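As the structure is a prediction and not an experimental result, all values here were calculated from the model. Quick note: numbers below take in every heavy atom, side chains included, and nothing from hydrogens, waters or symmetry partners.
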Amino acid sequence: MMLMRPRFLSPSPPSSRREPRPRTLSEASRVPSSSRPSSARPRPSSNKRPPPNLRRLTARIVALTRRKQLAQVMAEVEASKRRARSGREGGINIIVMNAVLEACVSCGDVDLAVQLFDEMRGPMGCGVDGVSYGVLLKGLGIARRIDEAFEILESVEKDTSDGSPRLSPHLICGFLNALIEAGDMRRANALVARFRQVLYEGHSVLLYNLLMKGYIKSNFPLGALTVKDEILRQGLKPDRLTYNTIIFACVKSAEIEKAFQFLKDMKDEAKRDNNPELLPDAVTYTTLLKGLGNSQDLYSVLKIVVEMKSSLVSIDRTAYTAMADAFLACGSIDGALCIFGEIIKQAGDNKELRPKPHLYLSIMRAFATIGDFDMVRRLKDRMLPDSVGSISRSAKQEADELLMEAAINNNQVDVARRLLRRIVNGKEHFSWRSRVGLVALKVETLSGFSNSPFRPHVFPQILLNDPVEKYMIPFRESRPLSADLILESVAMRFLKDSAVPLVNDWGSCVGIVHSRDCTEMDSPLLSMARPPLCVPCSTSLEHVIDLLLREKCELVVVVKSGNMYEGSYTSSSRPVGIFSLGILSEATANTANTHVDESVSGG
């Protein structure tokens, strides 16, 4: 095998090998020039404190990086270079160029970062240091240019790279974190194995916390528990971040009991070691609240809220919002209103607690579902003056849509029709599969399509009291899949259909698989299916629309007998057809084509 010289290697002196300096990266950038060996290439004035104009330039670059304005960053650098050439104050140094490298990486232009790095280490450049290498390694990791990143690390390890950076955990962790963020645990573990001796310097739990984060990113959250066992084997003690990461892994895996066990271990260890830094914080409790909301465990939510208020935890806006969201997820609107009232009351003394529009919209969704038009209108009116931060256009549109939904659920058809007209005038398009699309359909059907804002009219031939049997498609035409099939063998089906019914060997419908639930390619379809939502043939279209809107489903199974409010399919009921949002979309298109044909023939 022919060995090729790595791209980022620089020719080393033939006389002797340079010894790495036993300093940190920050110390290396501040060593006086008199302490450098005579054979080393002299560096520009980057080791001196930058003059005020370069400080301002660096701050300007950092501010532009936050706004993702890379072109303006490069313009500022070029302007500084021109001022230096004309004899005025200006120029660049390593600190400025490291900020520019960070801007390139943050804005996703890694090619430009590599180009600037080559210019910095060139004969006319300002030089590179450990920070430069760390930023470039992070960028290469984000861009998935793994081979180039490993070439740089090997050159640093052999001490043949410009700037003589020291191979340290901080240099490697940026690259490791980029791999972890991408969910590439195979390469992350390979990097840890390759530089294990360097990464374990100082015996810090930082590396293990990163690895636990990687397992969560790679859709194997419980793998974080094995990392905790390794921490204990190494004689280290988990910190608060370690426990918070483990609890988040348990919540993501729906292992709430394990999450509570780690919460107990966290408290016991803090009490045993008299270490208040290990006690649960707001992040710990908000993570648990999210999991309890998903499992709809109202009793445990109340228990956590009481514990948070009785402890020394600083409850901020995020924590209050997590409490309200957990109550809403458990169906407790009263509990959410209590938290909301407490936020508004305390926000009078502490402006940092003013709620964001997200909380207003969450409570409005709950009231819109039960048809409380007055409460939705009050929340909508107070969202602008009482919330903090800017309100996006989509948030304003959703507030109008929720007000329309509350009106239609309160049987205020005229009000809902006026709101629908306002929404249509301010919106370029919306999908009939969306929540507002279903509400709009109900408004149109209840108002009899008179004076409709849509052109052509939607379903002019539909009657609200018609049975769903009139509009369904036969069950066989829906091409149901066998429940025993593996997802990999029928994956292409879900590129076309968003929901597909499943049948067993006897032809009974045993579940509905949604495309958004298809996450395990090697698993049977039945493991990802939801219970079928069934309605009898005689059910009116009005009730079916209500059911689709309330349950947020895309498909219902029409059966010969049974109760539309049944939670599961009964063996006495046989599927005869399906009714879905896709059928509504096709009917809309057919109606539009019919109007076009009539207008053409009439002309």
Should Ile256 and Cys250 count as side-chain neighbours, where that means a heavy-atom distance under 4.5 Å? no
Do Leu533 and Leu547 come close enough that some side-chain heavy atom pair is under 4.5 Å? yes
Measuring centre to centre across the rings, with the benzene-like ring taken for any Trp, is Phe340 within less than 6.0 Å of Tyr360? yes
List the atom of Arg417, the atom of Asp414, and the distance in Å for their closest heavy-atom pair. NH2-OD1, 2.8 Å
Go through Ser106 and Lys68 one step at a time and tell me if the side-chain contact (heavy atoms from CB on, under 4.5 Å) criterion holds. CA-CA 7 Å; Ser106 299; Lys68 305 295 182 182; 3.9 Å; yes
The test is salt bridge (charged side-chain N to carboxylate O under 4.0 Å, His left out); show your working for Lys271 and Asp268 and say whether it passes. CA-CA 5 Å; Lys271 183 178 180 180; Asp268 292 343; over 6 Å; no
Between Ser80 (side chain only) and Val77 (backbone N and O only), is there a donor and an acceptor less than 3.5 Å apart? no
Taking Ser332 for the side chain and Leu328 for the main chain, is one N or O donor matched with an acceptor at less than 3.5 Å? no
Is there any salt bridge (charged side-chain N to carboxylate O under 4.0 Å, His left out) pair reaching into residues 320-335, and which pairs are they, with sequence neighbours excluded? none
Just wondering, do Leu379 and Val376 contact through their side chains at under 4.5 Å, heavy atoms? no
Could you give me the CA-CA distance, side-chain angles and deciding distance for Asp386 and Arg354, then say whether salt bridge (charged side-chain N to carboxylate O under 4.0 Å, His left out) is met? CA-CA 7 Å; Asp386 292 346; Arg354 292 178 61 188; 5.6 Å; no
Indicate yes or no: at least one non-hydrogen side-chain atom of Phe327 is less than 4.5 angstrom from one of Leu298. yes
Can you tell me if Asn294 uses its side chain to pair, donor with acceptor, with the backbone of Lys290 under 3.5 Å? yes
Determine whether the side chains of Thr226 and Asp229 contain a donor N or O and an acceptor N or O closer than 3.5 Å. no
Quick one, Asn93 with Leu54, criterion side-chain contact (heavy atoms from CB on, under 4.5 Å). Give me CA distance, side-chain angles, the key distance, then yes/no. CA-CA 8 Å; Asn93 59 11; Leu54 291 189; 3.7 Å; yes
Counting C-beta onward and ignoring hydrogens, is there a side-chain heavy-atom pair between Glu405 and Thr369 closer than 4.5 Å? yes
In short, Ala416 meets Met404 closest at the heavy-atom pair O-CG, 3.7 Å
Return all side-chain donor-acceptor pairs below 3.5 angstrom for residues 60-67, not counting sequence neighbours, or 'none' if the list is empty.
from  : atom 1 : to    : atom 2 : distance (Å)
Arg60 : NE     : Glu76 : OE2    : 3.2
Thr65 : OG1    : Ile61 : O      : 2.7

Could you state the interatomic distance from NZ (Lys356) to OG1 (Thr321), rounded to the nearest 0.5 Å? 8.5 Å
Checking side-chain polar atoms at under 3.5 Å, does Glu102 have a donor or acceptor matched by the opposite partner on Asn98? no
Residue pair Gly293 / Cys330: nearest heavy atoms and the distance that separates them: CA-SG, 4.3 Å
Can Glu398 and Arg365 be said to form a salt bridge (charged side-chain N to carboxylate O under 4.0 Å, His left out), step by step? CA-CA 9 Å; Glu398 185 179 1; Arg365 293 187 197 105; 2.7 Å; yes
Is the closest side-chain donor-acceptor distance between Asn209 and Thr245 under 3.5 Å? no
Can a donor-acceptor pair be found, under 3.5 Å and without considering hydrogens, that links the side chain of Ser498 to the backbone of Phe494? no
Can a side-chain donor-acceptor contact be found between Lys213 and Asn177 if the only test is distance below 3.5 angstrom? yes
dist Leu176:CG -> Leu137:CG (nearest 0.5 Å) comes out at 11.5 Å
If only atom types and distance count, is the side chain of Asn275 paired as donor or acceptor with the main-chain N or O of Glu277 below 3.5 Å? yes
Provide the closest heavy-atom pair for Met364 versus Leu402 in the form atom of the first, atom of the second, distance. CB-CD1, 3.8 Å
From Tyr243 atom OH to Glu269 atom CD, the distance as rounded to the nearest 0.5 Å: 4.0 Å
Determine, stepwise, if the pair Met74 / Leu112 fulfils side-chain contact (heavy atoms from CB on, under 4.5 Å). CA-CA 10 Å; Met74 301 307 299; Leu112 181 58; 4.2 Å; yes
Scanning both residues in full, the closest heavy-atom pair of Met97 with Leu116 reads CE-CD2, 4.2 Å
Pair Ile363, Leu337 - check side-chain contact (heavy atoms from CB on, under 4.5 Å), show working. CA-CA 8 Å; Ile363 300 177; Leu337 280 180; 4.2 Å; yes
Under the criterion salt bridge (charged side-chain N to carboxylate O under 4.0 Å, His left out), I'd like the reasoning laid out for Glu307 against Lys267: C-alpha separation, chi angles, the key distance, then a yes or no. CA-CA 13 Å; Glu307 183 174 331; Lys267 297 176 185 176; 2.4 Å; yes
Below 4.5 Å, heavy atoms only, C-beta onward: do Thr284 and Phe248 meet side chain to side chain? no
Can you tell me how far apart CE (Met308) and OH (Tyr285) are? Round to the nearest 0.5 Å. 7.5 Å
So do the side chains of Ser387 and Ile391 get within less than 4.5 Å of each other, counting heavy atoms only? yes
May I ask you to test the Ile370-Asn409 pair for a side-chain heavy-atom distance under 4.5 Å? no
For Leu278 and Arg240, the nearest pair of non-hydrogen atoms, with its separation, is CD1-N, 3.6 Å
In this structure, which one of Val135, Val105, Val110 forms a side-chain contact (heavy atoms from CB on, under 4.5 Å) with Leu140? Val110
Output the distance between atom NZ (Lys237) and atom CG (Leu232), rounded to the nearest 0.5 Å. 11.0 Å
Determine whether a donor-acceptor pair (N or O, by modelled atom type, separation under 3.5 Å) exists between the side chain of Ser300 and the backbone of Asp297. no
Examine distances only and state if a side-chain atom of Asn410 and a backbone atom of Gln412 form a donor-acceptor pair shorter than 3.5 Å. no
Atom CG in Leu403, atom CG in Asp381: separation rounded to 0.5 Å? 8.5 Å
For Asp374, does the CG atom sit with more than 12 other heavy atoms under 6.0 Å from it, leaving out its own atoms? yes
